[in-house]
Protein chains: 2
Amino acid sequence: MTLKIDKSVVRSFSMFEKMADADVEHLLSLAVSRRASAGEAFFEQGGAATHFFMLIHGRLKVTQVTADGQQIIVRVVHPGDLFGFARALRRPDYPGTAVSVSESLALSWPTELWPQFIDRSPHVAVSALNTIGERLEEAHTRIREMSTQEVERRVAHTVLRLARQAGNPEASKIRIDFPITRQDIAEMTGTTLHTVSRILSAWEGQGLVEGGRQKLFVCDMKRLQSLADSEKH
Amino acid sequence: MTLKIDKSVVRSFSMFEKMADADVEHLLSLAVSRRASAGEAFFEQGGAATHFFMLIHGRLKVTQVTADGQQIIVRVVHPGDLFGFARALRRPDYPGTAVSVSESLALSWPTELWPQFIDRSPHVAVSALNTIGERLEEAHTRIREMSTQEVERRVAHTVLRLARQAGNPEASKIRIDFPITRQDIAEMTGTTLHTVSRILSAWEGQGLVEGGRQKLFVCDMKRLQSLADSEKH
DNA sequence: CTGCTTCTTTGTGCATCCGCAAACAACTTG
DNA sequence: CAAGTTGTTTGCGGATGCACAAAGAAGCAG
């Protein structure tokens, strides 16, 4: 499990952008790489938070399960993102489960190293604060949407966000670049699989999107955007 | 507007708990106190984030208004809480509006002082990270509730949270210690004033709560709790 | 006290969204 | 290729919560 990651890949991630070469190398030398194929988890909800991670390649979803067994998707993790640093916020355990949805590779560090991580470069601290600030804002946006908007607009927002974060242009369409189910989208928008299926079918009829099993293409960002923005009715 | 706050009051707030006397005094000497009577705002959504604050006395609600004019309550601020430190997360403007709901007093510092604030005591940085981590968690809880639970349980949770955070025992009842309207509760739970009114009326019939104009007493925490916890149906 | 404003209660119809159920399609495994 | 697994579609009935409306109650100013 020694490190054989190309440094230039890591360099492109915003967190390391402004760091000195020596510092990057030092941090990388402390990291252990971990691989997970689709369906495997990096950590489980409630487990002791022994490590924090950075995703190098692939895609994860972070989920939470409620007391009565319902699941929601908290967020999707993209390459370059830090994840599982619950402990930095003084939590002893992971608040969610991080499951790989496509072949993934991550770096991991023991949580004890977090302070050292910060010492090595203040940028990391700033970066962490920014990251978590963004997440908070994202969460508030989601709350606002769920409070005030009807399902169709929420789904539109979610799909647009996915297209922006994980979209791959491909012959006039944008391909969502990892396997995603209607169930997943339902768990991200707070509705049911059935409703999502209905909405996507309707959109497909209007040429807005194209779908398949665990696949999704966005054909018309513009009209989807106007759906997401439009005043009600 | 010079400072005449009793240091012992401030000392009781968790943020200052572990700080040296000299440091507390230094920070307080840089602060400017600001007062707001009910309805006045400390800052407005979208305004330039020139200051950050700590609430000493009173109660605030932080609200956001959506593009189409709908309002939601993001959170309630209690004495001892930091608020308005958007800038620390590198935002140039306030993401919400902080309105006083009862006569309030807060300390304020110019945002430029934030780094100095952190230097003076690492506890502040830790405290800030914790605070924001808690808020994130709270937001996720709210998202989870809104995704999976029906309205009555969400209202139950909200009322219980209010009772814990701002409850005042009073003759076998617990009084929510600041003026709160059904509209406010609706905006906290993502429903309408009407539905909240109906639910509270029903509860009042069962002796769970007692209400009045901008008043709310919780009579039976236990049964309310079981309502909030119970499996559906 | 009187009128005004703000907050609350209550009722009725109606659109939305969910739950259940069943069939179908795609991919996987042996 | 047959059987099993997993994901998707669709229909229908019904509950939930919303919009609209109107009136009552409580506080406030003059």
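Computed from a predicted structure; not experimentally measured. Numbered from 1 within each chain, the chains take letters A, B, ... in sequence-line order.
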Taking side chain as C-beta onward, heavy atoms only, is [X] less than 4.5 Å from [Y]?
{"X": "B:Arg198", "Y": "B:His194", "value": "yes"}
{"X": "B:Gln149", "Y": "B:His157", "value": "yes"}
{"X": "B:Ile185", "Y": "B:Leu200", "value": "yes"}

- Query: Looking at the side chain of B:Glu150, which of D:dT9, D:dG17, C:dC7 is the nearest nucleotide?
  - Reply: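 Among the listed nucleotides, the one closest to the side chain of B:Glu150 is D:dG17.
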- Task: Counting heavy atoms from C-beta on, name the nucleotide in D:dG7, C:dC17, D:dC18 closest to the side chain of A:Gln214.
- Result: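 Among D:dG7, C:dC17, D:dC18, the one nearest the side chain of A:Gln214 is D:dG7.
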- Output yes when a side-chain donor or acceptor of A:Arg223 lies under 3.5 Å from a complementary backbone atom of A:Gln206, and no otherwise.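 Yes; judged by distance alone, with no hydrogens or angles, the pair exists.
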- Short question: side chain of B:Ser108, backbone of B:Phe52 - any donor-acceptor pair under 3.5 Å?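 Side chain of B:Ser108 to backbone of B:Phe52: no pair is present.
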- Message: D:dT9, OP1 or OP2 - any side-chain N/O from A:Ser197 closer than 4.0 Å?
- Response: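 Yes, A:Ser197 has a side-chain N/O under 4.0 Å of OP1/OP2 on D:dT9.
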- Query: Does A:Thr191 or B:Gly211 map to a spot on DNA chain C nearer the 5' end, using the closest nucleotide for each?
  - Reply: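 On the 5' side of the pair lies B:Gly211.
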- Using a 4.0 Å heavy-atom cut-off, write out nucleotides 22-30 of chain D from 5' to 3' as B (base contacted by protein), S (sugar-phosphate only) or - (no contact). ----BS---
Is there any protein nitrogen or oxygen under 3.5 Å from a nitrogen or oxygen in nucleotides 12-14 of chain C, and what are the pairs?
none

- Message: According to side chain to side chain contact (heavy atoms under 4.5 Å, CB included), who are the partners of B:Leu82, at least two apart in sequence or on a separate chain?
- Response: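 For B:Leu82 the side chain to side chain contact (heavy atoms under 4.5 Å, CB included) partners, ignoring immediate neighbours, are B:Met15, B:Met54, B:Phe85.
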